[in-house]
Amino acid sequence: MAGHNKWSKIKRSKGVLDMKRGTLFSKLSREITLAAKSGGGDPAMNIRLRTAIQTAKGQNMPNDNIERAIKKGTGELESQAFEELNYEGYAPGGVAVLIEAVTDNRNRSAAELRAIFSKYHGNLATSGSVGYLFHRKGQIIVPISALEALGLTDPAAREERLLELVVEADAEEYQLDGDHYTITTAPERLYAAGEILREQGVIAESLKLTYIPENTVAITDETVAGQVLRLCEALDDYDDVQNVHANFDLSEELLARLSA
């Protein structure tokens with residue numbers, strides 16, 4: 001993999017950043033609505049919707065909320081006119097930041113994102129400023145436990161079987177990252193690859209389209225690292241933001257000091 005999204009890993013290790021339940025449900029609802037709008041309200045026929053519902057249930061989102069979000073997507077209930085947009089900017093240390101947002105008012109979102117960047121020592125940039133530094137990819141997270149459930153307790157046997165599945169699914173690569181495997185696919189192969197894994201009994205924790213940086217910027221200064229993390233967290237907490245991608249890298253030692 002050319003680069004990696006360190007923020008994604010940090011966020012994963014922290015759960016959902018203690019995000020307020022209402023904010024989290026709002027983000028999940030928007031993804032369900034958009035999935036239903038683009039591919040229909042039947043999860044059996046709409047893999048993106050099925051994945052969004054699976055993610056929402058994993059966060060204990062009530063079924064009533066899920067059904068309401070689906071109906072908004074299919075037009076059975078009135079819904080705001082959401083659009084999906086990318087915003088770009090810079091964090092301290094020259095770190096590139098790419099933001100996926102869903103908004104019903106792009107001017108409001110831009111103004112509020114600009115204020116967040118300014119508050120945390122970064123700046124919102126014009127379209128195209130950093131987008132070329134990232135590649136669109138599909139990402140499948142498979143816990144080691146999902147493979148152990150199939151009897152693959154030996155690491156060598158587990159790796160061998162996973163490699164077979166990656167080839168069968170026409171994925172690009174995989175890597176072990178702590179207690180889970182991250183499988184990378186071409187964007188158009190994400191959901192098909194996820195289906196192949198599911199058919200073989202491998203239950204993925206998540207399937208999503210993401211952005212992978214071409215290269216990363218190493219941060220060694222503790223003050224700058226703290227500023228970057230606080231900016232990414234503030235952006236993630238903003239209701240209109242669905243995902244934050246950044247091209248910074250920092251050592252586990254530095255991250256441990258910041259966490260302490």
Side-chain angles (χ1 to χ4, degrees), residues 1-24 26-27 85-103 106-137 139 141 175-180 182 184 206 208 210-260:
M1 190 178 299
H4 60 279
N5 186 0
K6 189 76 172 186
W7 175 244
S8 179
K9 179 181 177 181
I10 292 171
K11 187 170 70 168
R12 177 185 169 83
S13 69
K14 294 176 69 177
V16 289
L17 299 172
D18 299 323
M19 188 182 295
K20 293 179 181 178
R21 184 67 56 178
T23 300
L24 175 60
S26 175
K27 293 175 186 286
L85 297 170
N86 286 353
Y87 293 93
E88 304 172 34
Y90 288 98
V95 171
V97 181
L98 182 63
I99 301 161
E100 293 180 90
V102 175
T103 180
R106 60 169 64 197
N107 293 329
R108 181 202 66 225
S109 295
E112 295 185 0
L113 287 171
R114 185 174 292 106
I116 293 172
F117 269 101
S118 179
K119 181 178 180 180
Y120 292 95
H121 311 286
N123 64 281
L124 186 67
T126 57
S127 178
S129 298
V130 305
Y132 68 95
L133 297 172
F134 295 82
H135 296 298
R136 191 68 158 160
K137 295 291 182 181
Q139 188 178 82
I141 303 297
Q175 62 180 12
L176 178 61
D177 192 0
D179 61 354
H180 66 279
T182 299
T184 305
S206 69
K208 64 178 182 180
T210 188
Y211 284 94
I212 304 295
E214 175 65 26
N215 296 293
T216 55
V217 175
I219 301 176
T220 57
D221 183 271
E222 188 169 336
T223 299
V224 174
Q227 290 173 339
V228 171
L229 295 183
R230 285 190 291 274
L231 171 59
C232 288
E233 187 161 351
L235 291 170
D236 247 321
D237 281 344
Y238 178 45
D239 197 38
D240 288 357
V241 171
Q242 292 294 99
N243 297 294
V244 176
H245 312 280
N247 72 340
F248 70 89
D249 193 15
L250 48 82
S251 68
E252 295 298 325
E253 179 184 356
L254 179 53
L255 180 58
R257 291 206 305 270
L258 290 168
S259 299

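None of these values were measured; they are calculated from a predicted model.
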_Side chains of Asp239 and Ser26 only: does a donor on one sit below 3.5 Å from an acceptor on the other?_
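Per modelled atom types, Asp239 and Ser26 side chains form a pair under 3.5 Å.
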
_Residue that, paired with Leu258, satisfies side chain to side chain contact (heavy atoms under 4.5 Å, CB included) out of Glu253, Arg230, Glu222_ =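 Among the candidates, only Glu222 passes.
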
[X] [atom1] to [Y] [atom2] distance, which is reported to the nearest 0.5 Å:
X      : Y      : atom1 : atom2 : value
Thr216 : Leu133 : OG1   : CG    : 11.5 Å
Gln242 : Lys208 : CD    : NZ    : 11.5 Å
Leu24  : Asp236 : CG    : CG    : 10.5 Å
Gln175 : His180 : CD    : NE2   : 8.0 Å
Lys137 : Ile212 : NZ    : CD1   : 8.5 Å
Ile219 : Asp249 : CD1   : CG    : 8.5 Å

*Considering all heavy atoms of both residues, which atom of Asn247 and which atom of Asn215 are nearest to each other, and what is their separation?*
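Heavy atoms of Asn247 and Asn215 come nearest at CB-O, 3.5 Å.
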
*asked:* Looking at every heavy atom in both Ile99 and Leu113, which two are closest together, and how far apart are they?
replied: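 Smallest heavy-atom distance, with atoms named: CD1-CD2, 4.4 Å.
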
*Donor-acceptor pair, Lys27 side chain versus Tyr238 backbone, under 3.5 Å?*
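Yes.
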
_Any donor-acceptor pair under 3.5 Å from Ser118 side chain to Arg114 backbone_ =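 No, the answer is negative, given that no donor and acceptor are paired below the 3.5 Å cut-off.
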
*Asp240 and Ser109: CA distance, side-chain angles, deciding distance, side chain to side chain donor-acceptor pair (under 3.5 Å) verdict*: CA-CA 7 Å; Asp240 288 357; Ser109 295; 2.6 Å; yes

Pair up each side-chain donor or acceptor in residues 85-98 with any protein partner under 3.5 Å, not counting sequence neighbours, and list the distances.
{"from": "Asn86", "atom 1": "ND2", "to": "Tyr211", "atom 2": "OH", "distance (Å)": "3.1"}
{"from": "Tyr87", "atom 1": "OH", "to": "Arg106", "atom 2": "O", "distance (Å)": "3.1"}
{"from": "Glu88", "atom 1": "OE1", "to": "Gly128", "atom 2": "N", "distance (Å)": "3.1"}
{"from": "Glu88", "atom 1": "OE1", "to": "Ser129", "atom 2": "N", "distance (Å)": "2.9"}
{"from": "Glu88", "atom 1": "OE1", "to": "Val130", "atom 2": "N", "distance (Å)": "2.7"}
{"from": "Glu88", "atom 1": "OE1", "to": "Gly131", "atom 2": "N", "distance (Å)": "2.8"}
{"from": "Glu88", "atom 1": "OE2", "to": "Gly128", "atom 2": "N", "distance (Å)": "2.9"}

In the structure I gave you, are the side-chain heavy atoms of [X] and [Y] within less than 4.5 Å of one another anywhere?
X      : Y      : result
Tyr120 : Leu235 : no
Phe248 : Val224 : no
Leu231 : His121 : no
Glu233 : Leu229 : no

